[in-house]
There are 6 protein chains.
Amino acid sequence: MTFPDYVKSAYEDIKSMKIRGAGRIAIHAVKTLRMYISEMPEKINSENMKKIIRVAKFLNSSRPTAISLKNSLRFVLRYSYREENYSSDLLKRCDMFIETAKTSLEKIGNIAEERIKDGDTILTHCNSNAAISGIIKAHEKGKNIKVINTESRPAFQGRITSRVLAEKGLDVTMIVDSAVRYHIPDVDIVMVGADTITSNGVVINKIGTSQVAAFAHEARRPFLVCAETYKISPETLIGNLVSIEERPSNEVIPDDIKPDGLKVSNPVFDATPPEYITGIVTEIGLISPHSVYYVMKEKMGDIEDILRIGI
Amino acid sequence: MTFPDYVKSAYEDIKSMKIRGAGRIAIHAVKTLRMYISEMPEKINSENMKKIIRVAKFLNSSRPTAISLKNSLRFVLRYSYREENYSSDLLKRCDMFIETAKTSLEKIGNIAEERIKDGDTILTHCNSNAAISGIIKAHEKGKNIKVINTESRPAFQGRITSRVLAEKGLDVTMIVDSAVRYHIPDVDIVMVGADTITSNGVVINKIGTSQVAAFAHEARRPFLVCAETYKISPETLIGNLVSIEERPSNEVIPDDIKPDGLKVSNPVFDATPPEYITGIVTEIGLISPHSVYYVMKEKMGDIEDILRIGI
Amino acid sequence: MTFPDYVKSAYEDIKSMKIRGAGRIAIHAVKTLRMYISEMPEKINSENMKKIIRVAKFLNSSRPTAISLKNSLRFVLRYSYREENYSSDLLKRCDMFIETAKTSLEKIGNIAEERIKDGDTILTHCNSNAAISGIIKAHEKGKNIKVINTESRPAFQGRITSRVLAEKGLDVTMIVDSAVRYHIPDVDIVMVGADTITSNGVVINKIGTSQVAAFAHEARRPFLVCAETYKISPETLIGNLVSIEERPSNEVIPDDIKPDGLKVSNPVFDATPPEYITGIVTEIGLISPHSVYYVMKEKMGDIEDILRIGI
Amino acid sequence: MTFPDYVKSAYEDIKSMKIRGAGRIAIHAVKTLRMYISEMPEKINSENMKKIIRVAKFLNSSRPTAISLKNSLRFVLRYSYREENYSSDLLKRCDMFIETAKTSLEKIGNIAEERIKDGDTILTHCNSNAAISGIIKAHEKGKNIKVINTESRPAFQGRITSRVLAEKGLDVTMIVDSAVRYHIPDVDIVMVGADTITSNGVVINKIGTSQVAAFAHEARRPFLVCAETYKISPETLIGNLVSIEERPSNEVIPDDIKPDGLKVSNPVFDATPPEYITGIVTEIGLISPHSVYYVMKEKMGDIEDILRIGI
Amino acid sequence: MTFPDYVKSAYEDIKSMKIRGAGRIAIHAVKTLRMYISEMPEKINSENMKKIIRVAKFLNSSRPTAISLKNSLRFVLRYSYREENYSSDLLKRCDMFIETAKTSLEKIGNIAEERIKDGDTILTHCNSNAAISGIIKAHEKGKNIKVINTESRPAFQGRITSRVLAEKGLDVTMIVDSAVRYHIPDVDIVMVGADTITSNGVVINKIGTSQVAAFAHEARRPFLVCAETYKISPETLIGNLVSIEERPSNEVIPDDIKPDGLKVSNPVFDATPPEYITGIVTEIGLISPHSVYYVMKEKMGDIEDILRIGI
Amino acid sequence: MTFPDYVKSAYEDIKSMKIRGAGRIAIHAVKTLRMYISEMPEKINSENMKKIIRVAKFLNSSRPTAISLKNSLRFVLRYSYREENYSSDLLKRCDMFIETAKTSLEKIGNIAEERIKDGDTILTHCNSNAAISGIIKAHEKGKNIKVINTESRPAFQGRITSRVLAEKGLDVTMIVDSAVRYHIPDVDIVMVGADTITSNGVVINKIGTSQVAAFAHEARRPFLVCAETYKISPETLIGNLVSIEERPSNEVIPDDIKPDGLKVSNPVFDATPPEYITGIVTEIGLISPHSVYYVMKEKMGDIEDILRIGI
């Protein structure tokens, strides 16, 4: 099967990381699929549906580990197994997804902002737009707040967080990842992002997130995860363990000073269990991590739907 | 008061860090004091005792935060308040201290080695001679073991640990400090050192130690602290909080990339509570952290003795 | 806009606390709104819908912090944003709410009663009708039970609980709030009420409730919250922290004996986290506190619905 | 009322335990009810519906404590209270139930298998087909795994588990029930079955299950419950405590060596709280135990539906 | 046996509560016994020792539940079982006890003061001189601190604490006992007193103390007990449970409003386990609660000594 | 070296298990050594001391894993390294040990009895004389108590406990080891014995003991270990892990029904950490498990003493 040029070009743009960021990838893919659907007749026969699905799978293959991409296509094609399908319905689902995805960050920021009280010290780990948007809003609203952020070894993403917040005039203090337990008695609330959320409420995020969560719990501090619902992984419903990438050793120790024989383990994520999570701030509201299965089903359908689409 | 040249030169050698390392500093100071005492008549009158104490205080001032230095002098002068004092007794206490200090590391290593079973994976943090001596002995005895060690930001002391162990042919894996909770299910035992031990059983050690301890506890793994008894701080008996030094920000982030206005907090130690410590391996054996007061009193006397000496 | 007299009078009755109690307020408001709706033509145009909503908002303003009032109006107006609305549908929702609200306490009592075994000792805090209805039913069924109840400082609501239960012939023992941990080893089950329940499963209730919950958890005793589903707060979904009123200092210490300069903090509620809650007994059954989001959405709609109605 | 012969014979087959096993009982009852419904006219009037319900209740009475039997009939009759009912709808629900029940074990095994990593040691308790199906699949897929299983006193069901697994060539080690905490540091994941699951996420299963769960939690090991959704008990929604049978003393100690006056308590099940459960593997996916209320409602309706049917 | 008038009068003064307070009672008793001993010849024969012991027992009987009284006499008579006893030794022990007891509170205050940092908020419960002496010292040293204190129902001893601190110009906030968990996230350190300390490290103190300790632990705040070593109970070494007095019901609810049949339980103390205690501040220093046995033995002898004296 | 006949015969009697039980073995060995010492001249030269030590080592080799045997000989020879030794001193130490050992059980029983309140239910595991002596005393004193005891697989030692207690007329209920967590909410106190106690407060005892301790802790019930101080192992001070014997598989499953290829792991002991132990009841009183090092040193000397004797 050959794909229209705009489909191929979207595929390339995502693959080459010209388009990057969980939200932007998903929106770009859905816009591309929308264009393809818009060329179909109103009543979509089974052959045309197959074509649509093939386009969706092709787009998905541009970045097969991006959970947002997968989920955007699942959302659009949620009812594609039905005998009767209309392009207007599919286009409406495309528009719903795009509209929601565009405003999610804003909504999450607004909800997170509400949880920050005047005088609070907020701790964050790594560099998550969702997590820091509420912090910035609170600052802009005139709340007198402080931020502690980790440097986030090995790639030092915390330096980006520090810079963004410092440039906006916030009172930011950077610490090493080992100093979280030392500082947490002075912290009022913790806010982090998420890479993936599993069907049983576990949050997969930057290595060290589960450490921060454990200390927040040990010192009875609220720990909020800020994430769009498209971070929820239906794969985990069918038992898949989220695979955690091992990155190169030279991120941890430069090759030239690495002793002979030394091994390095450099996992990019870890898993935070739901008992350490006060709540997940999503665009549909602040929910318990144990509500994830219900939200997943509302958005992307049940296990049969997901297996049927095959993305 | 003027001091003999060998006293002044010992003071300089310690102050300038020509002599360094908790054990070596303490031994050097006691040897110096011993020389001074050996020049005294057998029966020491109160004026001579005052001189001895003044020399001790001068030596102590070469490195006033070194707990081993303080404690070595306290050990020697434990009974100096008595009305009758004999130089032979004092010399004997000097010799006892030196003898013990010289063999402590060996003894601690032997005990720690006994706790490592064939096939074990040991995790260590930072770079402690006491903690790794048992690991090396276990390897040399032919036990088939693996080591995981943290890089120990900000100063990367873990790189020294990695190198030392790798050069001896051990199977070592380095990880970032954020990855301890991720790896701990594969760890059989944790061994770390101590900078200072308080009268109520808290261990002050390299930043991040208490994080490692918390995860060992959370996953039901034994957590052993390896330390000479001269790390026990009698100051804490009188309520002193061990003061934790803040080190320069450029250890965490180079000045040239540090955003304007960004603060950095860089504490060098943190505090591990006794409930996370399975035992402390000392030269007198493996003890509970809650036995510290008893050991302190046996070695250095009670609160009155310590206040009386005034070091 | 002017409102009919019966609307104004309902507003006054609620505002003046002539009508009081979460359930009674809600029912009265819905009955009033029902009367207003019943005067409308079957097909409700957008202008009429605006009028209905204005009446609802006016009624709500009589007691803006009463969660049951808010939620009753949200329930009735759940689908008011639709283009087509019929008065018969709205009246049906009014009747559903009233019917449910009237029988909720009875149903909650029946379920709670099932959880009490012959020979049990039940502990309760403050004075909640929902919490004690099951206890009374168990007694009336002939179960041989004992009750321990706290005095519930500062307002001594526990005295009401004691009197109600003692008058019905139950074996009741009153204790001070400080004695809960002392007595809990002799308790078989704890039952309390709720003022508000958040979207992530936290229960806001009389100050001290979270203390009782913590001790029940520490001693492995079941802790049940008894509450109608209209206690669930959709505001918390959008991040609102339930604001906790500070009451006058003279409830804690009479003005005449209060030393100069002494401050008093007298918060009326505290927050019990879901991990200390075995289950919430509602009129729809015994559920996990982590199921609250699902129930909230079934009853009152999602975040968009709630923002749209604007109550 | 007299029942057709095939109904009476199904009743007898279940009662006499000719038909046994949670799944087989449920399927047999639904097939029988299906036959009865298939003899009805398409449009079912209220008299016929009463007859159908009477047959369902009769079938249910053959094994009134079998939760799968109850739930299968509830599933089929979920909408029977509606004014209009059609036999085709009912027959479809029968077929849906049968189809699902037949494939549940297979699906659960597939999901559980995904959670087992090469090199893992799995611990299981008692003898649950659902729990061991994933283990066997992992072995058949060539994963190199080990199993530890408890003997499961008093009835030694662990011996069946051991035999089944050993015969398939797995590396199995049997231990006494008292040795779980001793061995759990060497275990990577725990998998058990369930007898009943309550509306607030508690798992009722073979005595000792909650002990295993507590140790898995204490040592931070994942604890998975494998069970079909028909194990969820709607009775618990209305407060029923799952009654736990006391079995004869001679299962614990033979009568001939039992000392005079010795009592024996021999409960067949215990209760595992949701905080010790990582997830429940069902045929609809891996879910949090706190999602049970939502699943229950989707499958069998709400509290009113269940009370209305009266099974 | 008849006792000298000064002995009888001391007995009366303690019994009638003319002399009150743990420290003052003990000192008064020892001074009285000292006078009696001073009338003895230097070498004390067994008949005279019996007389001394009889006087000690008589003094002890003036307030048989006062642990400080018992322990003061045990301290003095620690070696009375020896064959040779000299009045000068006994007088020296009297003087040692008196000297120590007089300065204990001062020493405890000094140590506790060291633990308070500038800017800290300290929470205290009930009214303990030992606990508040450090707080006052910190204030007097110019540290900028805040205090939260509970009202301490039923007898409102917290009002005394509030008044004492407010009069000295401290920033004090009073709360009800139920509000401790609510406020503890804003607390930096907790300091309380002790009535009795057991041989295995349990602290018996005013009802509610263990509640405060549990919340300090839950929120990772240090919890210090301030108490003289004469609060350690050797009785507990021989298994005695510290008996906890039940006080009159009208302390909890006035008789005139007490409903018929209502029972009241009003225990005066509760028990705080050592795992919730960071340390005990005594006149000999800050120790672990697990060091109590060692201190007890140093001060009052072992189980045989205590049984031998028979007080 | 040849030994006197009575030494050889004592060796045989212990080796052949004619003499058995921790206490009886130790007393027999000390009595034998006493006889040997009594034949020595008052002033013991170094040659004679060597002979005595050789006899001690020979006696020890009759049962090299019996901790009581080792410790009895260490107690007697505690000061044998001194330059001057007198037979009268050694004989006195023999007598002290024998006297203490004979009365230990009685003393432990008395202390444990004090901890049992009228109306209590006590749970015990396996069959320990020390643990049940307090229970029997409480019963004989007329306290109205109940006992729950585990069967203690695989060897069913619980049946002995059940029989002993039932024959004395106690109200005893036997349960399987898996039912401890189920029954513990009805238990007031747990009492067990100990095989060995380590220098850092860990109790090694019959497999399953640590499980019982974990459940007592989880439900906030006191957990007492009853054991003579000669159960404390000085070996553990030098790092030795108490080796835990694996017993034959046919204790768990008879050979004739054991499937081919099935492995069995049958460890005889497990390790209970000090945080689960309320106290250890010894003949010298009720102490914290964290006081063990101090007691060990008082009784058997420090690490140097123990290494010097070489037993």
Side-chain angles (χ1 to χ4, degrees), chain E residues 71 74 196-204 210-211 213-215 217-218 225 229 232-244 246 267 270-280 284 287-309, chain F residues 96 99-100 103-104 106-118 120 130 133-135 137-138 141 143 188-189 191 200-201 216-218 220-226 229 273-299:
Chain E
N71 281 340
R74 282 168 181 147
T196 306
I197 302 172
T198 77
S199 62
N200 58 334
V202 175
V203 167
I204 311 297
S210 81
Q211 301 200 155
F215 301 133
H217 189 258
E218 186 197 20
V225 174
T229 57
I232 299 174
S233 158
E235 284 84 354
T236 57
L237 199 57
I238 49 174
N240 282 190
L241 284 161
V242 177
S243 77
I244 292 184
E246 279 278 341
D270 68 10
T272 301
E275 63 258 37
Y276 290 168
I277 301 171
T278 310
I280 304 182
I284 61 161
I287 59 169
S288 161
H290 295 288
S291 294
V292 162
Y293 171 64
Y294 169 57
V295 175
M296 179 192 295
K297 200 172 149 186
E298 294 280 296
K299 292 272 172 184
M300 286 160 286
D302 67 15
I303 197 170
E304 302 298 336
D305 298 330
I306 289 157
L307 291 173
R308 230 184 261 122
I309 300 169
Chain F
M96 275 170 67
E99 179 57 24
T100 299
T103 57
S104 286
E106 178 75 10
K107 286 175 181 167
I108 290 170
N110 287 337
I111 298 173
E113 193 280 326
E114 291 277 349
R115 305 289 299 194
I116 298 172
K117 295 191 297 294
D118 195 57
D120 272 1
S133 68
I135 298 173
K137 277 176 196 285
K141 264 199 167 173
K143 291 183 184 170
D188 296 289
I189 188 165
M191 290 183 173
N200 58 334
H217 189 260
E218 186 197 20
R220 222 192 105 194
R221 262 81 184 111
F223 181 88
L224 293 184
V225 173
C226 301
T229 57
E275 63 258 37
Y276 290 168
I277 301 171
T278 309
I280 305 182
V281 179
T282 72
E283 76 279 6
I284 61 160
L286 169 69
I287 59 170
S288 162
H290 295 288
S291 295
V292 161
Y293 170 65
Y294 170 58
V295 174
M296 179 193 293
K297 200 172 149 186
E298 293 281 295
K299 292 273 172 184

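Numbered from 1 within each chain, the chains take letters A, B, ... in sequence-line order.
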Residues of residues 294-303 of chain E contacting chain F, heavy-atom criterion under 4.5 Å, by residue number: E:Tyr294, E:Lys297, E:Glu298, E:Ile303

Partner residues of F:Lys117 under the side-chain contact (heavy atoms from CB on, under 4.5 Å) criterion, sequence neighbours left out: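 side-chain contact (heavy atoms from CB on, under 4.5 Å) list for F:Lys117, sorted by chain: E:Leu241, F:Asp120.
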
Hey, what do you get for [atom1] ([X]) to [atom2] ([Y]), rounding to the nearest 0.5 Å?
| X | Y | atom1 | atom2 | value |
| --- | --- | --- | --- | --- |
| E:Leu237 | F:Ile287 | CG | CD1 | 8.5 Å |
| F:Glu113 | E:Ile238 | CD | CD1 | 12.0 Å |
| F:Lys107 | E:Glu304 | NZ | CD | 4.0 Å |

Whether F:Ser288 side chain and E:Ser291 backbone form a donor-acceptor pair below 3.5 Å: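 The answer is no, because no donor-acceptor pair under 3.5 Å joins these two groups.
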
By salt bridge (charged side-chain N to carboxylate O under 4.0 Å, His left out) - contacts of F:Glu106 (at least two apart): F:Lys137

Residues in residues 275-283 of chain F near chain E [non-hydrogen atoms, under 4.5 Å]: F:Thr278, F:Gly279, F:Glu283

Contacting region of E:Ser199 [heavy-atom separation from chain F under 4.5 Å]: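 Interface part for E:Ser199: both.
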
Chain F interface, residue from E:Asn240, E:Thr198, E:Thr236 that has the most non-hydrogen pairs under 4.5 Å: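 Among E:Asn240, E:Thr198, E:Thr236, the one with the most close pairs to chain F is E:Asn240.
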
